[in-house]
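Right, one structure below, let's go through it.
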Amino acid sequence: MPSMKQVTFRDLWQRFAELVHENKSVLNDLDAAIGDADHGSNMDRGLEKAVEALNASPEGSLRADAKLIGMTLMSTVGGASGALWGSGMLKFAAALPDAPEVTWADFVNALGAFVEALSKRGQAVAGDKTMMDVFLPAMVEIQAQLSDEESLPASMVRLADQAKAWSDGTRDLVAKRGRAAYLGERSAGHIDPGSLSSAFWFEALAGAVGQQ
Amino acid sequence: MPSMKQVTFRDLWQRFAELVHENKSVLNDLDAAIGDADHGSNMDRGLEKAVEALNASPEGSLRADAKLIGMTLMSTVGGASGALWGSGMLKFAAALPDAPEVTWADFVNALGAFVEALSKRGQAVAGDKTMMDVFLPAMVEIQAQLSDEESLPASMVRLADQAKAWSDGTRDLVAKRGRAAYLGERSAGHIDPGSLSSAFWFEALAGAVGQQ
Amino acid sequence: MKKIIDAVDTIVDQALDGMVIAYPEYLQRVEGTSVLARRVPKGTGKVGLVSGGGSGHEPAHAGYVGYGMLDAAVAGEVFTSPTPDQVYAGIKAADHGAGVLLVVKNYTGDVMNFDIARELADADGIATEVVLVNDDIAVQDSLYTTGRRGIAGTVFVHKIAGATAEEGASLATVKAVGDEVVANIASMGFALTSCTVPANGKPTFELGENEIEMGVGIHGEPGIERMPMMSAADLTAFLYHRLVEELALVPNERVAAMVNSMGATPGIELAIMAGHLAALVKGSQLSLEKVLMGEFMTSLEMAGASLTLLRLDDTRARRLGAACDTPALRVVTH
Amino acid sequence: MKKIIDAVDTIVDQALDGMVIAYPEYLQRVEGTSVLARRVPKGTGKVGLVSGGGSGHEPAHAGYVGYGMLDAAVAGEVFTSPTPDQVYAGIKAADHGAGVLLVVKNYTGDVMNFDIARELADADGIATEVVLVNDDIAVQDSLYTTGRRGIAGTVFVHKIAGATAEEGASLATVKAVGDEVVANIASMGFALTSCTVPANGKPTFELGENEIEMGVGIHGEPGIERMPMMSAADLTAFLYHRLVEELALVPNERVAAMVNSMGATPGIELAIMAGHLAALVKGSQLSLEKVLMGEFMTSLEMAGASLTLLRLDDTRARRLGAACDTPALRVVTH
Ligand SMILES: Nc1ncnc2c1ncn2[C@@H]1O[C@H](COP(=O)(O)OP(=O)(O)O)[C@@H](O)[C@H]1O
Ligand SMILES: Nc1ncnc2c1ncn2[C@@H]1O[C@H](COP(=O)(O)OP(=O)(O)O)[C@@H](O)[C@H]1O
Ligand SMILES: [Mg+2]
Ligand SMILES: [Mg+2]
Ligand SMILES: [Mg+2]
Ligand SMILES: [Mg+2]
């Protein structure tokens, strides 16, 4: 049974922050088309602070790190994504054992709590053209992988690719939640920015797991 | 001794109005460079009304026409040129005999009153980069022409050409009066719009006299 | 992007301090937060009002902090709803023992962040209620989606609920009055140009020389459709008839209106719209009792305007006309 | 050119009617003229105040008609000074038997048209005086030229001379107070973009993405020079130091300031400037007693701002703080 060390968890967030930073204007541009042009700026602002906070915090447990990330995102991102990532990560933290290394099953379980928090806070379901269109199917996949023999790094690379595809798939959807919903039919034809940043999270996860 | 009939006087203003109307954006553009981009619009607005007023007014005397023009310009042009053309034409009217035809000497005398009114109201002297840079030398020429043998139409065509040249000459001047004066040295390199509309007046005069 | 700023990430912080410089008699900044609260707080036992949202809508929202309107305004980054900790700081600043009403424009981000703040307040024993403003009729309401957006009509909620709180009404009453205002306002706007979100550095959308975006949101979100530019008369009529229909206004009803600039549109253009509005109102045999004209809820330097209609009854009319004294809106009663 | 208008030549006429629609408690239009006068005229025996000029500077000038400021505002075409007959109609509307003070911005057109109007008033036995405002220090004063331009500082003249007239002072006194304000104000502005004069249909000038026009006039007239864009801090300091030098302000003196938007510049940017201003004032050991921040004297949809400093003494400070109630400026005293 694979596990996840704190250093890998921090690496994941470091990578996520970098991916978002590099793609800040891509995310803003996607948001400009169907929202208010700030998703990249929002996530980038928060992730920069979160990584800063992680670096300044003594190593201890993944749970403490996750809580720090949740609190930081909650108080620096703002907007819809700030409330979602913030409350999600706080629930993620609460679901983790307080240890410097957790089992992969613990990690997946916490991710389940994260996705559940998003559902509760945001009320979005699959097909609503939000970040849930990445996280919901990814949750199914990652849970299935638990009983799989495929190596964890390889399956995470595959998941990252799938996440990218699910994000691409939001292009054809008509938004039902979030700011893009106000556009109705006009929202179709553009990728949801929050789904893309979510795909970056899985890309970061694959990268971190591959290094561990 | 040549004379000027009321019909010629009206023709002069009709022509002037047309020239300004055709060159409205030329005049606005000149004003944009060193002023506030409205000289063409101002003169056009006033001249359209003045011609309308003339057409609606029974024929009687040049003096009544000139007064009507002065009042109309005064109350419709606005800006520096409105005050100047308005008060100038009222003085022009006051200096004319009350007749349907006046001698050329009367006309030139009235034009002298016009220029004097401009000087008084505007305080500009030659070289200040204003309409005076056309009217002051034109006044000298037209007075000299009084004792000349050259035919009136021919001399007016020559005067119109000179007026154009005087207007062109304002290009090199640094403005001392009017809105362009605020630019100081930066006003050099652009023709004064008021000098060009004044040159149009002499072009209109040449045209009207040539037809009479 | 050419803006009078020093750095993109200090805009809001600097602007908040600048607001206090400009309006020291009205505003103070709650230390360490992005909350501007009344310099002279409301008396104990009165309901507090908090509003807020992303910055870039000035004078909203801090411009409405003062006697007769809000007690505190919470500012997020430009066009980004404020975070729950900031909203909670606003709630604390506005609480004078009788609970706090949150006036929230209906955007997912605002709704969620204000909700989390309410959970924090709840844990601290501060009673809160929310009035959700969704006056933008450009966006079709639907049970299955997020509903309609909140735009300029929000200012009417601040004014009327604010007057109610000043009268000493209970939290439940102030909320009920706020909800009633929401039920009786409709707004819609259009853009002639886009705005530029500073963090993004370029215009959110591009419009041709003869194009407008009809039904635009106040964050540069697209509206219902690109339309060819129209005359002031046609633009005003286009909005007006939709508002009247939405509110189902019938002859002899009383209305207040707002002609709101999106930012760059000059006063003369708003006044031309106001003129058409008055004629249209007369044509529908309504009575126009109050017009607010100017910048009330802007989108940075966007050119364009929005129109809001509010159905009045005696009570709403009285509260709309009640004295208030804030940086952006002052009603002097004689 | 994309503007919310119906036709270029009806803009001003329609806007004047629209102003009355929006501010019926404050304004009435003098029939058949472009004059907006107080709805409730000042009492007999008090000096009247008239100001005006071209349109496109909204809220100037009709926005300042009301208790404590102007009695009538005369509007010309966009950026074109009003004609003498209109100014004269304004004088008649403002005359309550004690004479009329004309507050004129120093532009040849305004000066001449107001002068002709004074000649008309004189013939009718109405005493008039003029205060010529020339606060724009971008333009060098010189005996040989037209002198300096009048820009946003004009609003301080309206406020302080207006308060003086309301106190019942004589025409000579109100003029003297106005002249004294003029002697103690200095302003300067800059443009980030040009405006578009409607009758002209295109921007008056073009600026590159990194260029500003420093010392620009309020009609889109060029300023002192094209400069590269600067930070808010540098822009504020650039203007501030020139103003302080021009007014020869020394430590411990008292000042009021105005941070004025040229039209399109959003509130947050003005607030950032206000923050820098306060720090600069502190640095020069001056005392900043009042800041007016917002749109006071605009240039249609131009982006940019101007800064004004006014040296205060006890009397000017008191009159600046005196109650006033106009569409654009309301001072509520408690
Ligand atoms: N109700 C919701 N549930 C889940 N995700 C949502 C919801 N609303 C918005 N989102 C996600 O948030 C993203 C927008 O985030 P962001 O632009 O940062 O916030 P805002 O919309 O407040 O400007 C969307 O692209 C979408 O993926
Ligand atoms: N003091 C003056 N004396 C003579 N002519 C003047 C004076 N001031 C301005 N002018 C003329 O008026 C013209 C500008 O007119 P216009 O643009 O209509 O008015 P404004 O300057 O008020 O916008 C200038 O080009 C100049 O020729
Ligand atoms: Mg967004
Ligand atoms: Mg001009
Ligand atoms: Mg946002
Ligand atoms: Mg002009």
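A note on names: the letters A, B, ... follow the listed sequences, proteins ahead of strands, and every chain is numbered from 1. Note that the coordinates shown come from a computational prediction; the quantities given were computed from them, not determined experimentally.
Contacts between C:V78 and chain D at a heavy-atom distance below 4.5 Å involve the side chain alone, from C-beta outward. For D:M229, the part lying near chain C is the side chain, with the backbone staying farther off; criterion is any non-hydrogen pair under 4.5 Å. Looking at C:D6, the atoms closer than 4.5 Å to chain D (heavy atoms on both sides) sit in the backbone and in the side chain alike. Contact of C:T265 with chain D is made through the side chain alone, with heavy-atom distances under 4.5 Å. Of the atoms belonging to D:V259, not a single heavy atom falls under 4.5 Å from chain C. With a 4.5 angstrom heavy-atom cutoff, D:M293 touches chain C via backbone and side-chain atoms both. Residue contact with chain C, scored on non-hydrogen atoms closer than 4.5 Å, involves the side chain of D:E58 exclusively. At a 4.5 Å heavy-atom cutoff, the contact between D:L235 and chain C is made by side-chain atoms alone.
No other option in C:K3, C:M273, C:E295, C:M302 has as many heavy-atom pairs under 4.5 Å with chain D as C:K3. Across D:E25, D:M230, D:M1, D:K290, the residue that shares the most heavy-atom pairs under 4.5 angstrom with chain C is D:M1. Of the listed residues D:G294, D:A22, D:S55, D:A323, the one with more heavy-atom pairs under 4.5 angstrom with chain C than any other is D:A22. Among the candidates C:I272, C:N210, C:V291, the residue making the largest number of heavy-atom pairs closer than 4.5 Å to chain D is C:I272. In terms of heavy-atom pairs under 4.5 angstrom with chain D, the leader among C:L277, C:T10, C:I21, C:T193 is C:I21. Of the listed residues (C:P266, C:G63, C:G56, C:G275), the greatest number of heavy-atom pairs within a distance under 4.5 Å of chain D belongs to C:P266. Each of D:R330, D:Q14, D:E301 has some count of heavy-atom pairs under 4.5 Å with chain C, and the biggest count is that of D:R330.
Between D:H219 and D:S299, the side chains place no donor N or O within less than 3.5 Å of an acceptor N or O (distance only, hydrogens not considered).
With sequence neighbours excluded, the residues satisfying side chain to side chain contact (heavy atoms under 4.5 Å, CB included) with C:S81 are C:D110, C:N113.
Counting heavy atoms from C-beta outward, C:M188 and C:L307 have side chains that stay 4.5 Å or more apart. Side-chain contact check for D:K42 versus D:E166: some heavy-atom pair is nearer than 4.5 Å. Between D:L36 and D:M19 there is a side-chain heavy-atom pair separated by less than 4.5 Å.
Note: C:H57 and C:F79 have parallel aromatic rings, judged against thresholds of 30 and 60 degrees for the angle between ring planes.
Panel note: side chain C:R39, backbone C:L27; a donor-acceptor pair is recorded below 3.5 Å. A side-chain donor-acceptor contact under 3.5 Å links D:E211 to the backbone of D:G208.
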What verdict does the side chain to side chain contact (heavy atoms under 4.5 Å, CB included) test give for C:F190 and C:M262, after you've listed the backbone C-alpha separation in whole Å, the side-chain angles of each residue and the deciding distance to 0.1 Å? CA-CA 8 Å; C:F190 59 89; C:M262 291 294 192; over 6 Å; no
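In this structure, D:H276 has its ring center no closer than 6.0 Å to that of D:Y240.
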